[in-house]
Enquirer: 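Here it is, the structure in full.
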2 protein chains.
Amino acid sequence: METKITAGVEEYLEALFHLEEENRAVQTKALAEHLKLKPASVTEMVKRLTAQKLVTHTPYKGVYLTERGRTAAAALVRRHRLSERFLADMLDVPWDELHDEACKFEHVISDKVERKLSEALGNPATCPHGNPIPEADGTVAADTAEPLVGMSARSKGRITRITNEEPEFLQYLANLGLMPDVMVEIEEVAPFGGPIIVKARGAKYALGRQVAQHIFVKPSAS
Amino acid sequence: METKITAGVEEYLEALFHLEEENRAVQTKALAEHLKLKPASVTEMVKRLTAQKLVTHTPYKGVYLTERGRTAAAALVRRHRLSERFLADMLDVPWDELHDEACKFEHVISDKVERKLSEALGNPATCPHGNPIPEADGTVAADTAEPLVGMSARSKGRITRITNEEPEFLQYLANLGLMPDVMVEIEEVAPFGGPIIVKARGAKYALGRQVAQHIFVKPSAS
DNA sequence: TATTGTTATTAGGTATACCTAACTATACCA
DNA sequence: TGGTATAGTTAGGTATACCTAATAACAATA
(Lines give C-alpha, C1' and ligand atoms only; values in the text may rest on other atoms or scores of the structure.)
Protein backbone atom coordinates (compact mmCIF):
# COMPACT_ATOMS: atom_id res chain seq x y z
CA MET A 1 0.00 0.00 0.00
CA GLU A 2 2.76 2.39 -0.90
CA THR A 3 2.61 5.62 -2.77
CA LYS A 4 1.42 4.31 -6.09
CA ILE A 5 -0.08 7.37 -7.75
CA THR A 6 -1.60 6.05 -10.96
CA ALA A 7 -3.26 8.14 -13.65
CA GLY A 8 -6.61 7.21 -12.14
CA VAL A 9 -5.61 8.48 -8.71
CA GLU A 10 -4.21 11.64 -10.29
CA GLU A 11 -7.57 12.49 -11.86
CA TYR A 12 -9.22 12.41 -8.45
CA LEU A 13 -6.58 14.57 -6.83
CA GLU A 14 -6.82 17.14 -9.56
CA ALA A 15 -10.61 17.22 -9.42
CA LEU A 16 -10.48 17.71 -5.66
CA PHE A 17 -7.98 20.52 -6.04
CA HIS A 18 -10.23 22.38 -8.46
CA LEU A 19 -13.43 21.79 -6.50
CA GLU A 20 -11.78 22.92 -3.27
CA GLU A 21 -10.57 26.05 -5.06
CA GLU A 22 -14.17 26.96 -5.77
CA ASN A 23 -14.84 26.13 -2.12
CA ARG A 24 -17.62 23.81 -2.99
CA ALA A 25 -18.47 21.02 -0.55
CA VAL A 26 -16.80 18.06 -2.22
CA GLN A 27 -19.15 15.21 -1.51
CA THR A 28 -18.90 11.84 -3.17
CA LYS A 29 -21.66 12.85 -5.54
CA ALA A 30 -20.03 16.12 -6.66
CA LEU A 31 -16.77 14.32 -7.26
CA ALA A 32 -18.56 11.67 -9.29
CA GLU A 33 -20.24 14.29 -11.43
CA HIS A 34 -17.03 16.20 -12.01
CA LEU A 35 -15.18 13.04 -13.03
CA LYS A 36 -18.16 11.68 -14.98
CA LEU A 37 -18.18 8.50 -12.92
CA LYS A 38 -20.79 6.76 -10.81
CA PRO A 39 -20.90 7.46 -7.05
CA ALA A 40 -20.15 3.82 -6.28
CA SER A 41 -16.86 4.04 -8.15
CA VAL A 42 -15.94 7.18 -6.24
CA THR A 43 -16.71 5.58 -2.88
CA GLU A 44 -14.31 2.83 -3.75
CA MET A 45 -11.52 5.09 -4.95
CA VAL A 46 -11.91 7.47 -2.02
CA LYS A 47 -11.26 4.49 0.22
CA ARG A 48 -8.02 3.83 -1.62
CA LEU A 49 -7.03 7.50 -1.47
CA THR A 50 -7.76 7.51 2.25
CA ALA A 51 -5.61 4.41 2.76
CA GLN A 52 -2.80 6.23 0.96
CA LYS A 53 -3.31 9.27 3.20
CA LEU A 54 -3.98 11.51 0.25
CA VAL A 55 -7.45 12.55 1.45
CA THR A 56 -9.71 12.37 4.48
CA HIS A 57 -13.38 11.59 4.12
CA THR A 58 -16.40 12.22 6.31
CA PRO A 59 -19.53 10.84 4.62
CA TYR A 60 -22.18 13.45 3.89
CA LYS A 61 -19.65 16.16 4.77
CA GLY A 62 -16.92 15.96 2.21
CA VAL A 63 -13.62 14.68 0.92
CA TYR A 64 -10.60 16.79 1.80
CA LEU A 65 -7.05 16.70 0.50
CA THR A 66 -4.37 16.07 3.11
CA GLU A 67 -1.13 18.02 2.98
CA ARG A 68 0.36 15.14 1.00
CA GLY A 69 -2.60 15.04 -1.32
CA ARG A 70 -2.61 18.76 -1.90
CA THR A 71 1.07 18.77 -2.77
CA ALA A 72 0.57 15.97 -5.27
CA ALA A 73 -2.47 17.72 -6.74
CA ALA A 74 -0.65 21.03 -7.06
CA ALA A 75 2.20 19.32 -8.91
CA LEU A 76 -0.34 17.88 -11.29
CA VAL A 77 -2.03 21.20 -11.90
CA ARG A 78 1.41 22.71 -12.41
CA ARG A 79 2.18 20.11 -15.06
CA HIS A 80 -1.19 20.57 -16.69
CA ARG A 81 -0.77 24.31 -17.01
CA LEU A 82 2.85 24.10 -18.11
CA SER A 83 1.69 21.63 -20.76
CA GLU A 84 -0.92 24.08 -21.95
CA ARG A 85 1.71 26.79 -22.21
CA PHE A 86 3.97 24.47 -24.15
CA LEU A 87 1.17 23.47 -26.53
CA ALA A 88 0.13 27.08 -27.04
CA ASP A 89 3.50 28.84 -27.13
CA MET A 90 5.66 26.27 -28.85
CA LEU A 91 3.21 24.30 -30.97
CA ASP A 92 0.50 26.86 -31.62
CA VAL A 93 -2.33 24.52 -30.64
CA PRO A 94 -5.64 26.46 -30.59
CA TRP A 95 -6.98 27.91 -27.35
CA ASP A 96 -9.95 25.62 -27.02
CA GLU A 97 -8.01 22.40 -27.55
CA LEU A 98 -5.27 23.03 -25.01
CA HIS A 99 -7.08 21.66 -22.01
CA ASP A 100 -7.93 18.23 -23.38
CA GLU A 101 -4.46 17.67 -24.77
CA ALA A 102 -2.83 18.84 -21.55
CA CYS A 103 -5.01 16.39 -19.59
CA LYS A 104 -2.97 13.63 -21.19
CA PHE A 105 0.44 15.27 -20.95
CA GLU A 106 0.20 16.05 -17.24
CA HIS A 107 0.52 12.36 -16.38
CA VAL A 108 3.76 11.69 -18.23
CA ILE A 109 5.92 14.61 -17.13
CA SER A 110 8.72 13.72 -14.72
CA ASP A 111 10.22 16.12 -12.19
CA LYS A 112 13.19 16.70 -14.41
CA VAL A 113 11.18 17.35 -17.56
CA GLU A 114 8.91 19.63 -15.57
CA ARG A 115 11.89 21.74 -14.51
CA LYS A 116 13.32 21.88 -18.01
CA LEU A 117 9.94 22.67 -19.52
CA SER A 118 9.28 25.53 -17.11
CA GLU A 119 12.70 26.94 -17.86
CA ALA A 120 12.30 26.65 -21.61
CA LEU A 121 9.00 28.50 -21.36
CA GLY A 122 10.54 31.27 -19.26
CA ASN A 123 8.96 30.15 -15.98
CA PRO A 124 5.48 31.36 -16.85
CA ALA A 125 3.12 32.39 -14.05
CA THR A 126 -0.14 31.44 -15.72
CA CYS A 127 -1.62 29.08 -18.29
CA PRO A 128 -2.98 30.48 -21.57
CA HIS A 129 -6.41 30.83 -19.93
CA GLY A 130 -4.88 33.00 -17.23
CA ASN A 131 -4.96 30.49 -14.40
CA PRO A 132 -1.97 30.49 -12.06
CA ILE A 133 0.67 27.81 -12.40
CA PRO A 134 1.46 26.51 -8.89
CA GLU A 135 5.10 26.81 -7.89
CA ALA A 136 7.29 23.73 -7.80
CA ASP A 137 6.83 23.67 -4.01
CA GLY A 138 3.04 23.59 -4.33
CA THR A 139 2.23 27.19 -3.40
CA VAL A 140 -0.26 29.05 -5.54
CA ALA A 141 -0.02 32.78 -6.11
CA ALA A 142 -2.83 34.74 -4.47
CA ASP A 143 -5.21 36.32 -6.94
CA THR A 144 -7.00 39.65 -6.50
CA ALA A 145 -9.28 39.15 -9.48
CA GLU A 146 -12.96 38.57 -8.90
CA PRO A 147 -15.63 36.87 -10.99
CA LEU A 148 -17.56 39.08 -13.36
CA VAL A 149 -20.73 37.81 -11.79
CA GLY A 150 -20.10 39.59 -8.50
CA MET A 151 -19.15 42.99 -9.91
CA SER A 152 -21.42 46.02 -9.86
CA ALA A 153 -22.56 48.12 -12.79
CA ARG A 154 -20.12 50.78 -14.02
CA SER A 155 -17.08 48.94 -12.71
CA LYS A 156 -14.22 48.32 -15.06
CA GLY A 157 -11.33 45.98 -15.22
CA ARG A 158 -9.08 43.66 -17.15
CA ILE A 159 -9.94 40.02 -17.73
CA THR A 160 -7.28 37.86 -16.09
CA ARG A 161 -8.58 34.33 -16.07
CA ILE A 162 -11.17 31.96 -17.46
CA THR A 163 -11.97 29.13 -15.09
CA ASN A 164 -14.02 26.92 -17.39
CA GLU A 165 -11.90 25.28 -20.04
CA GLU A 166 -14.50 23.30 -21.95
CA PRO A 167 -13.90 23.70 -25.69
CA GLU A 168 -17.40 25.01 -26.49
CA PHE A 169 -17.19 27.55 -23.71
CA LEU A 170 -13.79 28.80 -24.82
CA GLN A 171 -14.91 28.99 -28.44
CA TYR A 172 -17.86 31.10 -27.38
CA LEU A 173 -15.65 33.50 -25.45
CA ALA A 174 -13.05 33.64 -28.21
CA ASN A 175 -15.80 34.60 -30.64
CA LEU A 176 -16.76 37.52 -28.43
CA GLY A 177 -13.11 38.40 -27.91
CA LEU A 178 -13.44 37.94 -24.16
CA MET A 179 -10.01 36.64 -23.28
CA PRO A 180 -7.30 37.44 -20.75
CA ASP A 181 -5.90 40.96 -20.98
CA VAL A 182 -9.03 42.37 -22.58
CA MET A 183 -10.55 45.39 -20.80
CA VAL A 184 -14.23 45.17 -19.88
CA GLU A 185 -16.79 47.47 -18.32
CA ILE A 186 -19.99 46.34 -16.67
CA GLU A 187 -22.84 48.24 -18.30
CA GLU A 188 -25.71 46.74 -16.44
CA VAL A 189 -26.58 43.87 -14.17
CA ALA A 190 -30.11 42.69 -14.91
CA PRO A 191 -32.05 41.69 -11.79
CA PHE A 192 -33.49 38.28 -10.91
CA GLY A 193 -30.55 36.32 -12.26
CA GLY A 194 -30.75 38.08 -15.60
CA PRO A 195 -27.82 38.72 -17.91
CA ILE A 196 -24.85 40.93 -17.28
CA ILE A 197 -24.24 43.47 -20.01
CA VAL A 198 -20.58 44.16 -20.59
CA LYS A 199 -18.74 46.45 -22.95
CA ALA A 200 -15.52 45.17 -24.43
CA ARG A 201 -13.61 46.32 -27.49
CA GLY A 202 -16.34 48.82 -28.21
CA ALA A 203 -19.10 46.23 -28.42
CA LYS A 204 -21.73 45.18 -25.89
CA TYR A 205 -22.46 41.62 -24.91
CA ALA A 206 -25.16 40.09 -22.74
CA LEU A 207 -23.66 37.30 -20.69
CA GLY A 208 -25.54 34.71 -18.63
CA ARG A 209 -24.57 34.30 -15.00
CA GLN A 210 -23.14 30.85 -15.73
CA VAL A 211 -20.77 32.47 -18.16
CA ALA A 212 -19.93 35.50 -16.03
CA GLN A 213 -19.10 33.20 -13.13
CA HIS A 214 -16.11 31.84 -15.00
CA ILE A 215 -14.66 35.14 -16.16
CA PHE A 216 -12.34 36.72 -13.63
CA VAL A 217 -11.56 40.40 -13.79
CA LYS A 218 -8.98 42.50 -12.02
CA PRO A 219 -10.81 45.74 -11.23
CA SER A 220 -9.14 48.98 -12.17
CA ALA A 221 -9.69 52.21 -10.25
CA SER A 222 -12.80 53.71 -11.82
CA MET B 1 -13.91 -5.86 -29.93
CA GLU B 2 -13.26 -2.57 -31.63
CA THR B 3 -10.02 -0.81 -32.22
CA LYS B 4 -9.16 -0.05 -28.65
CA ILE B 5 -5.44 0.56 -28.74
CA THR B 6 -4.47 0.99 -25.11
CA ALA B 7 -1.01 1.87 -23.84
CA GLY B 8 -0.47 -1.82 -23.15
CA VAL B 9 -1.28 -2.80 -26.72
CA GLU B 10 0.95 0.00 -27.99
CA GLU B 11 3.95 -1.41 -26.15
CA TYR B 12 3.55 -4.73 -27.93
CA LEU B 13 3.19 -3.14 -31.36
CA GLU B 14 6.27 -1.05 -30.84
CA ALA B 15 8.31 -4.00 -29.61
CA LEU B 16 7.25 -6.02 -32.65
CA PHE B 17 8.18 -3.17 -34.96
CA HIS B 18 11.69 -2.99 -33.53
CA LEU B 19 12.24 -6.74 -33.42
CA GLU B 20 11.03 -7.13 -37.00
CA GLU B 21 13.42 -4.34 -38.01
CA GLU B 22 16.30 -6.44 -36.75
CA ASN B 23 14.70 -9.35 -38.63
CA ARG B 24 14.71 -11.52 -35.61
CA ALA B 25 12.17 -14.31 -35.37
CA VAL B 26 9.66 -12.80 -33.03
CA GLN B 27 8.48 -15.72 -30.97
CA THR B 28 6.39 -15.39 -27.85
CA LYS B 29 9.52 -15.81 -25.76
CA ALA B 30 11.51 -13.09 -27.51
CA LEU B 31 8.62 -10.70 -27.19
CA ALA B 32 8.29 -11.54 -23.50
CA GLU B 33 11.98 -10.87 -22.93
CA HIS B 34 11.91 -7.60 -24.82
CA LEU B 35 8.88 -6.39 -22.87
CA LYS B 36 10.17 -7.82 -19.59
CA LEU B 37 7.02 -9.86 -19.15
CA LYS B 38 6.32 -13.56 -18.66
CA PRO B 39 5.55 -15.71 -21.72
CA ALA B 40 2.10 -16.51 -20.35
CA SER B 41 1.19 -12.83 -20.37
CA VAL B 42 2.37 -12.50 -23.93
CA THR B 43 0.34 -15.50 -25.08
CA GLU B 44 -2.73 -13.81 -23.69
CA MET B 45 -2.05 -10.41 -25.21
CA VAL B 46 -1.11 -11.86 -28.58
CA LYS B 47 -4.55 -13.44 -28.64
CA ARG B 48 -6.10 -10.05 -28.11
CA LEU B 49 -3.91 -8.46 -30.77
CA THR B 50 -4.87 -11.23 -33.18
CA ALA B 51 -8.56 -10.67 -32.47
CA GLN B 52 -8.02 -6.99 -33.29
CA LYS B 53 -6.26 -7.97 -36.52
CA LEU B 54 -3.10 -6.15 -35.51
CA VAL B 55 -0.89 -9.26 -35.74
CA THR B 56 -0.93 -12.84 -36.96
CA HIS B 57 0.59 -15.62 -34.90
CA THR B 58 1.86 -19.08 -35.74
CA PRO B 59 3.11 -20.81 -32.58
CA TYR B 60 6.81 -21.72 -32.66
CA LYS B 61 7.16 -19.64 -35.83
CA GLY B 62 6.47 -16.09 -34.87
CA VAL B 63 4.21 -13.11 -34.40
CA TYR B 64 3.90 -10.80 -37.40
CA LEU B 65 2.40 -7.34 -37.68
CA THR B 66 -0.46 -7.00 -40.15
CA GLU B 67 -0.65 -3.95 -42.39
CA ARG B 68 -2.93 -2.36 -39.82
CA GLY B 69 -0.58 -3.28 -37.02
CA ARG B 70 2.48 -2.00 -38.82
CA THR B 71 0.85 1.35 -39.54
CA ALA B 72 -0.12 1.76 -35.90
CA ALA B 73 3.37 0.74 -34.79
CA ALA B 74 5.06 3.15 -37.20
CA ALA B 75 2.91 6.00 -35.89
CA LEU B 76 4.02 5.12 -32.40
CA VAL B 77 7.68 5.01 -33.33
CA ARG B 78 7.20 8.33 -35.09
CA ARG B 79 5.77 9.85 -31.94
CA HIS B 80 8.49 8.34 -29.82
CA ARG B 81 11.27 9.77 -31.96
CA LEU B 82 9.60 13.15 -32.37
CA SER B 83 9.29 13.23 -28.57
CA GLU B 84 12.99 12.53 -28.22
CA ARG B 85 13.77 15.36 -30.61
CA PHE B 86 11.51 17.68 -28.65
CA LEU B 87 13.09 16.70 -25.34
CA ALA B 88 16.60 17.08 -26.74
CA ASP B 89 16.19 20.16 -28.95
CA MET B 90 13.71 22.21 -26.99
CA LEU B 91 14.27 21.10 -23.39
CA ASP B 92 17.89 20.04 -23.46
CA VAL B 93 17.24 16.70 -21.72
CA PRO B 94 20.45 14.60 -21.69
CA TRP B 95 21.07 12.00 -24.40
CA ASP B 96 20.77 8.96 -22.21
CA GLU B 97 17.47 9.98 -20.62
CA LEU B 98 15.58 10.74 -23.81
CA HIS B 99 14.39 7.23 -24.50
CA ASP B 100 12.72 6.55 -21.17
CA GLU B 101 10.97 9.91 -21.11
CA ALA B 102 9.81 9.53 -24.71
CA CYS B 103 8.37 6.11 -23.88
CA LYS B 104 5.77 7.94 -21.84
CA PHE B 105 5.12 10.82 -24.23
CA GLU B 106 4.49 8.62 -27.25
CA HIS B 107 1.18 7.44 -25.80
CA VAL B 108 -0.35 10.87 -25.26
CA ILE B 109 0.34 12.60 -28.57
CA SER B 110 -2.69 13.10 -30.79
CA ASP B 111 -2.56 13.33 -34.58
CA LYS B 112 -2.88 17.07 -34.42
CA VAL B 113 -0.18 17.57 -31.82
CA GLU B 114 2.05 15.19 -33.76
CA ARG B 115 1.71 17.36 -36.85
CA LYS B 116 2.34 20.59 -34.96
CA LEU B 117 5.29 19.08 -33.11
CA SER B 118 6.94 17.84 -36.28
CA GLU B 119 6.49 21.26 -37.85
CA ALA B 120 7.85 23.11 -34.82
CA LEU B 121 10.92 20.87 -34.90
CA GLY B 122 11.47 21.50 -38.60
CA ASN B 123 10.24 18.06 -39.70
CA PRO B 124 13.32 16.20 -38.52
CA ALA B 125 14.32 12.98 -40.28
CA THR B 126 15.92 11.25 -37.33
CA CYS B 127 15.84 11.06 -33.56
CA PRO B 128 18.82 12.29 -31.53
CA HIS B 129 20.29 8.78 -31.67
CA GLY B 130 20.16 8.89 -35.45
CA ASN B 131 17.26 6.52 -35.96
CA PRO B 132 14.83 7.43 -38.74
CA ILE B 133 11.51 9.00 -37.87
CA PRO B 134 8.82 7.20 -39.90
CA GLU B 135 6.76 9.48 -42.14
CA ALA B 136 3.20 10.33 -41.16
CA ASP B 137 2.02 7.71 -43.67
CA GLY B 138 4.08 4.98 -42.00
CA THR B 139 6.93 4.71 -44.51
CA VAL B 140 10.45 4.52 -43.16
CA ALA B 141 13.39 5.96 -45.07
CA ALA B 142 15.79 3.32 -46.38
CA ASP B 143 19.14 3.36 -44.68
CA THR B 144 22.46 2.55 -46.31
CA ALA B 145 24.38 2.45 -43.05
CA GLU B 146 25.64 -0.89 -41.78
CA PRO B 147 26.49 -2.13 -38.29
CA LEU B 148 30.08 -1.67 -37.21
CA VAL B 149 30.18 -5.36 -36.42
CA GLY B 150 30.02 -6.37 -40.07
CA MET B 151 32.64 -4.01 -41.42
CA SER B 152 36.13 -5.04 -42.41
CA ALA B 153 39.42 -3.67 -41.14
CA ARG B 154 40.62 -0.44 -42.70
CA SER B 155 37.14 0.70 -43.69
CA LYS B 156 36.02 4.15 -42.64
CA GLY B 157 32.78 5.93 -42.23
CA ARG B 158 30.56 8.22 -40.28
CA ILE B 159 28.41 7.00 -37.39
CA THR B 160 24.76 7.56 -38.25
CA ARG B 161 22.73 5.69 -35.71
CA ILE B 162 22.78 3.93 -32.36
CA THR B 163 20.15 1.22 -32.12
CA ASN B 164 20.37 0.46 -28.40
CA GLU B 165 18.97 3.26 -26.30
CA GLU B 166 19.51 1.90 -22.81
CA PRO B 167 20.88 4.67 -20.58
CA GLU B 168 24.01 2.78 -19.50
CA PHE B 169 24.83 1.90 -23.09
CA LEU B 170 24.42 5.48 -24.27
CA GLN B 171 26.47 6.78 -21.35
CA TYR B 172 29.26 4.41 -22.29
CA LEU B 173 29.23 5.56 -25.90
CA ALA B 174 28.98 9.21 -24.95
CA ASN B 175 32.06 8.78 -22.76
CA LEU B 176 33.98 7.43 -25.73
CA GLY B 177 32.56 10.15 -27.96
CA LEU B 178 30.98 7.58 -30.25
CA MET B 179 27.88 9.40 -31.36
CA PRO B 180 26.15 10.19 -34.64
CA ASP B 181 28.22 12.28 -37.07
CA VAL B 182 31.53 11.14 -35.62
CA MET B 183 34.00 9.63 -38.13
CA VAL B 184 35.40 6.21 -37.32
CA GLU B 185 37.92 3.88 -38.86
CA ILE B 186 38.11 0.15 -38.20
CA GLU B 187 41.65 -0.60 -37.14
CA GLU B 188 41.34 -4.28 -36.56
CA VAL B 189 38.75 -7.00 -36.17
CA ALA B 190 39.97 -9.57 -33.66
CA PRO B 191 39.04 -13.14 -34.61
CA PHE B 192 36.85 -15.60 -32.71
CA GLY B 193 34.32 -13.02 -31.67
CA GLY B 194 37.00 -10.77 -30.20
CA PRO B 195 36.82 -7.01 -29.98
CA ILE B 196 36.75 -4.55 -32.83
CA ILE B 197 39.36 -1.85 -32.58
CA VAL B 198 38.19 1.49 -33.89
CA LYS B 199 39.85 4.85 -34.21
CA ALA B 200 37.75 7.90 -33.58
CA ARG B 201 38.73 11.46 -32.75
CA GLY B 202 42.34 10.39 -32.69
CA ALA B 203 41.89 7.75 -30.01
CA LYS B 204 41.52 3.98 -30.27
CA TYR B 205 38.81 1.96 -28.61
CA ALA B 206 38.26 -1.77 -28.31
CA LEU B 207 34.59 -2.52 -28.67
CA GLY B 208 32.84 -5.79 -27.92
CA ARG B 209 30.67 -7.29 -30.63
CA GLN B 210 27.55 -6.59 -28.61
CA VAL B 211 28.45 -2.94 -28.68
CA ALA B 212 29.54 -2.80 -32.32
CA GLN B 213 26.28 -4.43 -33.33
CA HIS B 214 24.35 -1.36 -32.28
CA ILE B 215 26.55 1.25 -33.91
CA PHE B 216 25.64 1.92 -37.52
CA VAL B 217 28.10 3.52 -39.85
CA LYS B 218 27.73 4.99 -43.30
CA PRO B 219 30.88 3.89 -45.13
CA SER B 220 32.82 6.53 -46.98
CA ALA B 221 34.90 5.80 -50.08
CA SER B 222 38.25 4.67 -48.70
C1' DT C 1 -40.58 11.90 15.97
C1' DA C 2 -41.64 10.08 11.62
C1' DT C 3 -41.33 10.65 6.78
C1' DT C 4 -39.10 11.70 2.59
C1' DG C 5 -35.62 12.66 -0.62
C1' DT C 6 -30.77 12.80 -1.12
C1' DT C 7 -26.37 10.84 -0.45
C1' DA C 8 -23.47 7.03 0.23
C1' DT C 9 -22.21 2.28 0.55
C1' DT C 10 -22.27 -2.70 -0.29
C1' DA C 11 -22.49 -6.66 -3.11
C1' DG C 12 -21.60 -8.71 -7.14
C1' DG C 13 -20.09 -8.28 -12.02
C1' DT C 14 -16.91 -6.72 -16.09
C1' DA C 15 -12.56 -5.75 -18.48
C1' DT C 16 -7.56 -5.14 -18.74
C1' DA C 17 -3.33 -6.92 -17.92
C1' DC C 18 -0.26 -8.85 -15.25
C1' DC C 19 1.48 -13.20 -12.41
C1' DT C 20 2.87 -18.49 -11.05
C1' DA C 21 2.60 -23.28 -11.66
C1' DA C 22 1.40 -27.08 -14.24
C1' DC C 23 1.01 -28.98 -18.49
C1' DT C 24 1.46 -29.64 -23.69
C1' DA C 25 3.40 -29.14 -28.17
C1' DT C 26 7.21 -28.74 -31.17
C1' DA C 27 11.88 -28.99 -33.12
C1' DC C 28 15.81 -31.22 -33.52
C1' DC C 29 19.41 -34.14 -32.63
C1' DA C 30 21.18 -38.74 -31.82
C1' DT D 1 12.17 -42.94 -34.21
C1' DG D 2 12.61 -41.55 -29.57
C1' DG D 3 14.05 -38.32 -26.13
C1' DT D 4 14.97 -33.97 -24.50
C1' DA D 5 15.31 -29.13 -24.32
C1' DT D 6 12.83 -25.22 -25.67
C1' DA D 7 8.61 -22.85 -26.57
C1' DG D 8 3.95 -22.16 -25.72
C1' DT D 9 -0.52 -22.57 -23.51
C1' DT D 10 -3.95 -23.27 -19.88
C1' DA D 11 -5.78 -22.69 -15.42
C1' DG D 12 -6.31 -20.13 -11.65
C1' DG D 13 -5.00 -15.97 -9.03
C1' DT D 14 -4.02 -10.72 -8.21
C1' DA D 15 -4.77 -5.74 -8.68
C1' DT D 16 -6.89 -1.65 -10.72
C1' DA D 17 -10.83 0.61 -11.79
C1' DC D 18 -14.94 0.83 -13.63
C1' DC D 19 -20.21 -0.64 -13.68
C1' DT D 20 -25.48 -1.74 -11.98
C1' DA D 21 -28.79 -2.77 -8.57
C1' DA D 22 -30.00 -3.06 -4.01
C1' DT D 23 -29.59 -1.23 0.47
C1' DA D 24 -28.35 1.80 4.22
C1' DA D 25 -27.48 6.23 6.38
C1' DC D 26 -28.36 10.82 6.92
C1' DA D 27 -30.56 15.65 6.87
C1' DA D 28 -34.31 18.25 7.01
C1' DT D 29 -38.74 19.14 7.47
C1' DA D 30 -43.74 18.20 8.45
Side-chain angles (χ1 to χ4, degrees), chain A residues 1-16 19-20 23-65 69 72-73 76 103-104 106-108, chain B residues 1-16 19-20 23-65 69 72-73 76 103-104 106-108:
Chain A
M1 306 305 96
E2 302 78 48
T3 310
K4 205 180 351 175
I5 298 189
T6 65
V9 169
E10 291 185 340
E11 292 299 331
Y12 281 78
L13 294 180
E14 221 187 334
L16 282 165
L19 289 169
E20 281 194 5
N23 28 249
R24 292 210 246 151
V26 189
Q27 291 177 298
T28 303
K29 202 202 170 198
L31 197 46
E33 265 162 21
H34 196 265
L35 291 166
K36 296 188 175 102
L37 300 174
K38 300 298 167 205
S41 309
V42 174
T43 293
E44 198 182 295
M45 182 60 109
V46 165
K47 260 189 219 161
R48 268 199 285 270
L49 296 179
T50 303
Q52 288 184 51
K53 299 216 195 300
L54 291 165
V55 305
T56 57
H57 180 213
T58 314
Y60 305 96
K61 288 287 180 293
V63 183
Y64 300 94
L65 289 167
L76 228 34
C103 275
K104 295 181 287 175
E106 68 193 18
H107 303 294
V108 300
Chain B
M1 304 286 94
E2 302 80 50
T3 310
K4 207 179 351 173
I5 298 189
T6 63
V9 169
E10 291 185 340
E11 292 299 332
Y12 280 78
L13 294 179
E14 220 188 336
L16 282 164
L19 290 169
E20 281 193 5
N23 27 250
R24 292 210 244 150
V26 189
Q27 291 178 297
T28 303
K29 202 201 169 199
L31 198 46
E33 266 162 20
H34 197 264
L35 291 165
K36 298 190 174 103
L37 300 175
K38 301 299 168 206
S41 308
V42 174
T43 293
E44 197 182 294
M45 182 59 109
V46 165
K47 262 191 219 160
R48 267 198 286 268
L49 297 178
T50 303
Q52 289 184 50
K53 298 217 196 300
L54 291 165
V55 305
T56 57
H57 181 213
T58 314
Y60 305 98
K61 287 287 180 293
V63 183
Y64 300 95
L65 288 167
L76 228 35
C103 274
K104 295 181 287 176
E106 68 193 18
H107 302 295
V108 301

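To find a chain, count down the sequence lines: A is the first, B the second, and so on, and within it residues start at 1. Here the structure is a predicted model, which is why all the values come from computation and not from measurement. Just so you know, these numbers use all the heavy atoms, side chains as well, and skip hydrogens, waters and symmetry mates.
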Enquirer: Does anything in residues 45-61 of chain B form a salt bridge (charged side-chain N to carboxylate O under 4.0 Å, His left out)? List the pairs, not counting sequence neighbours.
Expert: B/E44-B/R48

Enquirer: Can you build the contact string for nucleotides 17-28 of chain C? Use B for base contact, S for sugar-phosphate-only contact, and - for no protein heavy atom under 4.0 Å.
Expert: BBBBB---BSS-

Enquirer: Starting from C1' on D/dA27, measure out to NZ on A/K29 and report it in whole angstrom.
Expert: 14 Å

Enquirer: By salt bridge (charged side-chain N to carboxylate O under 4.0 Å, His left out), which residues pair with B/E20, not counting sequence neighbours?
Expert: B/R70

Enquirer: Roughly what angle, to 10°, lies between the helix axis at the start of the helix from C/dT1-D/dA30 to C/dA30-D/dT1 and the one at its end, five pairs per end?
Expert: 20°

Enquirer: For a quick check of understanding: with a heavy-atom distance under 4.0 Å over all strands, which category does B/T43 fall into, base, sugar-phosphate or nothing?
Expert: base

Enquirer: C/dT16 P sits how many Å from B/E11 CD, rounded?
Expert: 17 Å

Enquirer: Identify, with sequence neighbours excluded, every residue that meets side-chain contact (heavy atoms from CB on, under 4.5 Å) alongside A/V108.
Expert: B/K104, B/F105, B/V108

Enquirer: When rounded to the nearest 0.5 angstrom, what is the spacing between CD1 in A/I5 and CG in A/L54?
Expert: 5.0 Å

Enquirer: Can you name the side-chain hydrogen bond (donor to acceptor under 3.5 Å, both in side chains) partners of A/E106, sequence neighbours left out?
Expert: A/H80

Enquirer: For B/T6, what residues pass the side-chain contact (heavy atoms from CB on, under 4.5 Å) criterion, not counting sequence neighbours?
Expert: B/V9

Enquirer: Does A/E10 have any side-chain hydrogen bond (donor to acceptor under 3.5 Å, both in side chains) partners at least two apart in sequence or in another chain, and if so, which?
Expert: A/H107

Enquirer: Verify the contact: side-chain N or O of A/K47 to OP1 or OP2 of C/dT10, cut-off strictly under 4.0 Å; return yes or no.
Expert: yes

Enquirer: Over how many whole Å does the gap from A/L49 atom CG to C/dA8 atom P extend?
Expert: 15 Å

Enquirer: Would you mind reading off the distance between B/Q27 atom CD and D/dT9 atom C1', rounded to a whole angstrom?
Expert: 14 Å

Enquirer: Are any of A/H57's side-chain N or O atoms less than 4.0 Å away from OP1 or OP2 of C/dT9?
Expert: yes

Enquirer: Who are the side-chain contact (heavy atoms from CB on, under 4.5 Å) partners of A/A15, not counting sequence neighbours?
Expert: A/L31, A/H34, A/L35

